[in-house]
*Asks:* 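Below is one structure. I have some questions about it.
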Amino acid sequence: MRTLATVPKARDQSANFPKALNRFTKEDPTFRVSLDPESGQTVISGMGELHLEIYVERMKREYKVDCEVGKPRVNFREAISRRADFDYLHKKQSGGQGQYGRVVGFIEPLPADHPTKFEFENQIVGNAIPPNFIPACEKGFREAVNAGSLIGHPVEGVRVVITDGAAHTVDSSELAFKIASVYAFRSAYDKAAPSILEPIMSVEVCAPSEFQGTIIGDINRRKGIIQGSEQEGDDVIITAHVPLNDMFGYSTSLRSMTQGKGEFTMEYCQHSPVSQDVQAELTAHYRASRAAGNKQ
């Protein structure tokens with residue numbers, strides 16, 4: 001199964017885009033369409049590159065929809081690896097009522113087996129931050145973890161603890177404490193040794209034994225880790241853990257290296273830290289794309 005992310009090049013073609021996809025899925029049960037809830041990308045899946053190219057060309061010819069196609073966005077995650085303190089004051093005065101909110105505390109990694117991906121705890125003794133503003137603080141921190149500063153993906157496995165703060169009788173508000181919390185998290189995040197996590201897939205390949213060496217070599221080139229292999233008649237079944245980011249185009253490659261006799265299945269296994277060189281590459285690409293977006 002081959003997948004591609006696809007989007008109309010021109011906004012005025014968007015109306016015909018779902019019409020075309022709807023018709024094609026009714027005509028061909030092997031042509032599938034899904035919407036990635038995180039990236040918002042429309043992803044089309046089919047029996048191979050040529051299969052999808054035909055439908056992309058048909059959209060252009062029959063519906064006048066010219067599409068950009070490419071690799072689907074991988075749903076990376078971000079995480080922290082050590083505790084970091086924050087002490088952030090949000091203060092703004094521009095005539096009339098201002099904004100004032102100070103939050104003090106720390107962020108730390110949650111245990112790997114923790115049932116939730118985010119935890120907020122109020123350890124303030126007394127009313128340094130009035131109790132009615134605490135929910136706004138939590139809301140700000142929850143908003144902050146939606147997009148980490150490395151590549152803009154959600155941050156998981158974080159515990160936020162507030163231990164102190166300060167309020168102003170006139171200028172403090174829910175908005176002030178929410179903003180203070182967002183920036184408090186960002187100020188601590190870079191000090192908490194953040195890392196990028198990538199989805200690792202559990203891959204099972206079945207092919208004639210004569211192709212075993214070639215298949216294993218290809219998995220190694222894709223940064224995969226072989227988990228095992230066993231004989232089943234004339235075939236070999238190879239299991240491996242491979243980063244999803246390196247599985248793009250695998251069906252075409254497997255077919256080519258096994259003369260069309262190889263098959264594979266894959267399912268999500270876990271998120272694991274990327275290597276330092278991959279992290280540097282991803283963060284550089286993210287910063288470049290943001291800089292380009294700001295210039296427009």
Side-chain angles (χ1 to χ4, degrees), residues 1-6 30 32 34 36 38-39 41-53 56 68-79 112 148 150-154 156 194-232 234-286 288-289:
M1 187 69 74
R2 175 75 161 169
T3 59
L4 286 173
T6 179
T30 65
R32 297 174 189 169
S34 61
D36 188 302
E38 187 170 314
S39 68
Q41 289 182 318
T42 298
V43 179
I44 57 174
S45 306
M47 301 308 291
E49 237 168 290
L50 181 60
H51 186 207
L52 296 180
E53 283 174 8
V56 170
E68 286 182 2
V69 296
K71 181 179 177 180
R73 176 182 163 184
V74 173
N75 293 329
F76 292 101
R77 293 288 182 269
E78 297 186 30
L150 293 179
I151 55 171
H153 282 249
E156 291 188 349
S195 62
I196 299 170
L197 309 180
E198 65 180 341
I200 303 297
M201 308 304 287
S202 181
V203 179
E204 183 176 286
V205 183
C206 179
S209 299
E210 61 195 277
F211 302 112
Q212 181 173 354
T214 307
I215 293 168
I216 289 175
D218 181 72
I219 288 173
N220 289 335
R221 279 191 295 275
R222 293 173 185 270
K223 302 171 190 166
I225 299 173
I226 303 297
Q227 300 297 305
S229 64
E230 58 181 68
Q231 288 292 134
E232 197 171 272
D234 294 331
D235 293 337
V236 64
I237 297 174
I238 301 164
T239 54
H241 288 167
V242 189
L244 177 60
N245 202 34
D246 295 286
M247 286 298 291
F248 186 70
Y250 186 66
S251 55
T252 304
S253 297
L254 181 64
R255 194 162 54 247
S256 174
M257 73 179 91
T258 62
Q259 299 169 14
K261 299 172 184 175
E263 299 176 345
F264 82 101
T265 59
M266 69 175 181
E267 60 182 27
Y268 172 76
C269 178
Q270 64 192 29
H271 270 77
S272 294
V274 301
S275 61
Q276 285 299 313
D277 59 326
V278 171
Q279 179 156 318
E281 182 184 322
L282 289 170
T283 51
H285 181 267
Y286 174 67
S289 62

*Asks:* Is any side-chain heavy atom of Pro199 closer than 4.5 Å to a side-chain heavy atom of Asn75?
*Replies:*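 The answer is no; the side chains never approach within 4.5 Å.
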*Asks:* Is the closest side-chain donor-acceptor distance between Ser195 and Gln279 under 3.5 Å?
*Replies:*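 Side chains of Ser195 and Gln279: no pair found under 3.5 Å.
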*Asks:* Check whether Glu78 reaches the backbone of Ile151 with its side chain - one donor and one acceptor, N or O, closer than 3.5 Å.
*Replies:*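 At least one qualifying donor-acceptor pair exists.
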*Asks:* Can you name the closest pair of heavy atoms from Phe76 and Pro154 and give their distance?
*Replies:*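 So the minimum-distance heavy-atom pair works out to O-CD, 4.2 Å.
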*Asks:* Hey, does the side chain of Ser289 reach the backbone of His285 with a donor-acceptor pair shorter than 3.5 angstrom?
*Replies:*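 Pair found, side chain donor or acceptor close to backbone of His285.
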*Asks:* Could you tell me which non-hydrogen atom of Ser229 sits nearest to which non-hydrogen atom of Val236, and how far apart they are?
*Replies:*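 In this case the closest contact between Ser229 and Val236 is CB-CG2, 4.2 Å.
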*Asks:* Side chains of Asn245 and Val274, heavy atoms from C-beta outward: is any pair under 4.5 Å?
*Replies:*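 When only atoms from C-beta onward are counted, Val274 and Asn245 do not touch, as no gap falls below 4.5 Å.
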*Asks:* For Glu53, I'd like to know if atom CD has over 12 heavy atoms of other residues, nucleotides or ligands within 6.0 Å.
*Replies:*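 More than 12 within 6.0 Å, yes.
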*Asks:* Measure the spacing between CE of Met47 and CZ of Arg32 and express it to the nearest 0.5 Å.
*Replies:*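 Between atom CE of Met47 and atom CZ of Arg32 there are 8.5 Å.
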*Asks:* Nearest 0.5 Å please: distance from the CG atom of Leu52 over to the OG1 atom of Thr3.
*Replies:*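 If I round to the nearest 0.5 Å, the distance is 8.0 Å.
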*Asks:* Apply the test side-chain contact (heavy atoms from CB on, under 4.5 Å) to residues Ile225 and Ile200: give CA-CA distance (whole Å), side-chain angles for both, the deciding distance (0.1 Å), then the verdict.
*Replies:* CA-CA 10 Å; Ile225 299 173; Ile200 303 297; over 6 Å; no
*Asks:* Apply the test side-chain contact (heavy atoms from CB on, under 4.5 Å) to residues His241 and Ser272: give CA-CA distance (whole Å), side-chain angles for both, the deciding distance (0.1 Å), then the verdict.
*Replies:* CA-CA 11 Å; His241 288 167; Ser272 294; over 6 Å; no
*Asks:* Apply the test side-chain contact (heavy atoms from CB on, under 4.5 Å) to residues Met257 and Asp218: give CA-CA distance (whole Å), side-chain angles for both, the deciding distance (0.1 Å), then the verdict.
*Replies:* CA-CA 9 Å; Met257 73 179 91; Asp218 181 72; 3.4 Å; yes
*Asks:* Tell me if a side-chain donor or acceptor on Glu156 pairs with a main-chain N or O of Ala79 at a distance below 3.5 Å.
*Replies:*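 Not a single qualifying donor-acceptor pair exists.
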*Asks:* With heavy-atom distances below 4.5 Å as the criterion, would you say the side chains of Pro208 and Asp234 are in contact?
*Replies:*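 No, their side chains stay 4.5 Å or more apart.
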*Asks:* Calculate, to the nearest 0.5 Å, the distance between atoms CG and OG1 belonging to Leu254 and Thr214 respectively.
*Replies:*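 Reported to 0.5 Å precision, the distance equals 10.5 Å.
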*Asks:* What distance do Met266 atom CE and Leu244 atom CG have between them, rounded to the nearest 0.5 Å?
*Replies:*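 Output value for this atom pair is 5.5 Å.
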*Asks:* Nearest 0.5 Å, what's the CG-OG distance between Asp235 and Ser209?
*Replies:*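 Atom-to-atom, Asp235:CG and Ser209:OG are 6.5 Å apart.
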*Asks:* Quick check for you: to the nearest 0.5 Å, what is the distance between Glu198 atom CD and Asp246 atom CG?
*Replies:*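 The CG atom of Asp246 is 6.5 Å from CD of Glu198, to the nearest 0.5 Å.
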*Asks:* Any heavy-atom pair between the side chains of Gln212 and Ile215 that's under 4.5 Å?
*Replies:*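 When only atoms from C-beta onward are counted, Gln212 and Ile215 do not touch, as no gap falls below 4.5 Å.
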*Asks:* Look at atom CD of Glu232 and say whether more than 12 heavy atoms of other residues, nucleotides or ligands are closer to it than 6.0 Å.
*Replies:*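 At most 12 heavy atoms, drawn from other residues, nucleotides or ligands, come within 6.0 Å of this atom.
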*Asks:* Which pair of heavy atoms, one from Ala5 and one from Pro72, lies closest together, and at what distance?
*Replies:*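 Shortest heavy-atom contact: CB-CA, 3.8 Å.
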*Asks:* Applying side-chain contact (heavy atoms from CB on, under 4.5 Å) to Ile196 and His153, what does each step give before you reach the verdict?
*Replies:* CA-CA 9 Å; Ile196 299 170; His153 282 249; over 6 Å; no
*Asks:* How close do Val278 and Lys223 get, counting heavy atoms only, and between which atoms?
*Replies:*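 Minimum heavy-atom contact is CG2-NZ, 3.6 Å.
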*Asks:* Taking atom CD of Glu38 as the centre, report whether more than 12 heavy atoms of other residues, nucleotides or ligands fall under 6.0 Å from it.
*Replies:*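 Counting other residues, nucleotides and ligands, CD of Glu38 exceeds 12 neighbours.
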*Asks:* Above 12 or not: heavy atoms from other molecules or residues under 6.0 Å from CG of Asp277?
*Replies:*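 Count over threshold, so yes.
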*Asks:* Do Asp36 and Arg73 have side-chain heavy atoms sitting under 4.5 Å apart?
*Replies:*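 A side-chain contact under 4.5 Å is absent here.
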*Asks:* Do Ile226 and Ile219 come within less than 4.5 Å of each other through their side chains, counting heavy atoms only?
*Replies:*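 In contact.
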*Asks:* Write down the atom of Met247, the atom of Phe264, and the distance for their closest heavy-atom approach.
*Replies:*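 Minimum heavy-atom separation between Met247 and Phe264: CE-CE1, 3.9 Å.
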*Asks:* Might you point out which heavy atoms bring Cys269 and Ser202 nearest each other, and give the distance in Å?
*Replies:*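 The pair with the smallest heavy-atom distance is CB-N, 3.9 Å.
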*Asks:* Run through Val203, Ile238, Thr239 and flag the one making a side chain to side chain contact (heavy atoms under 4.5 Å, CB included) with Gln227.
*Replies:*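 With Gln227 as partner, side chain to side chain contact (heavy atoms under 4.5 Å, CB included) holds for just one option, Thr239.
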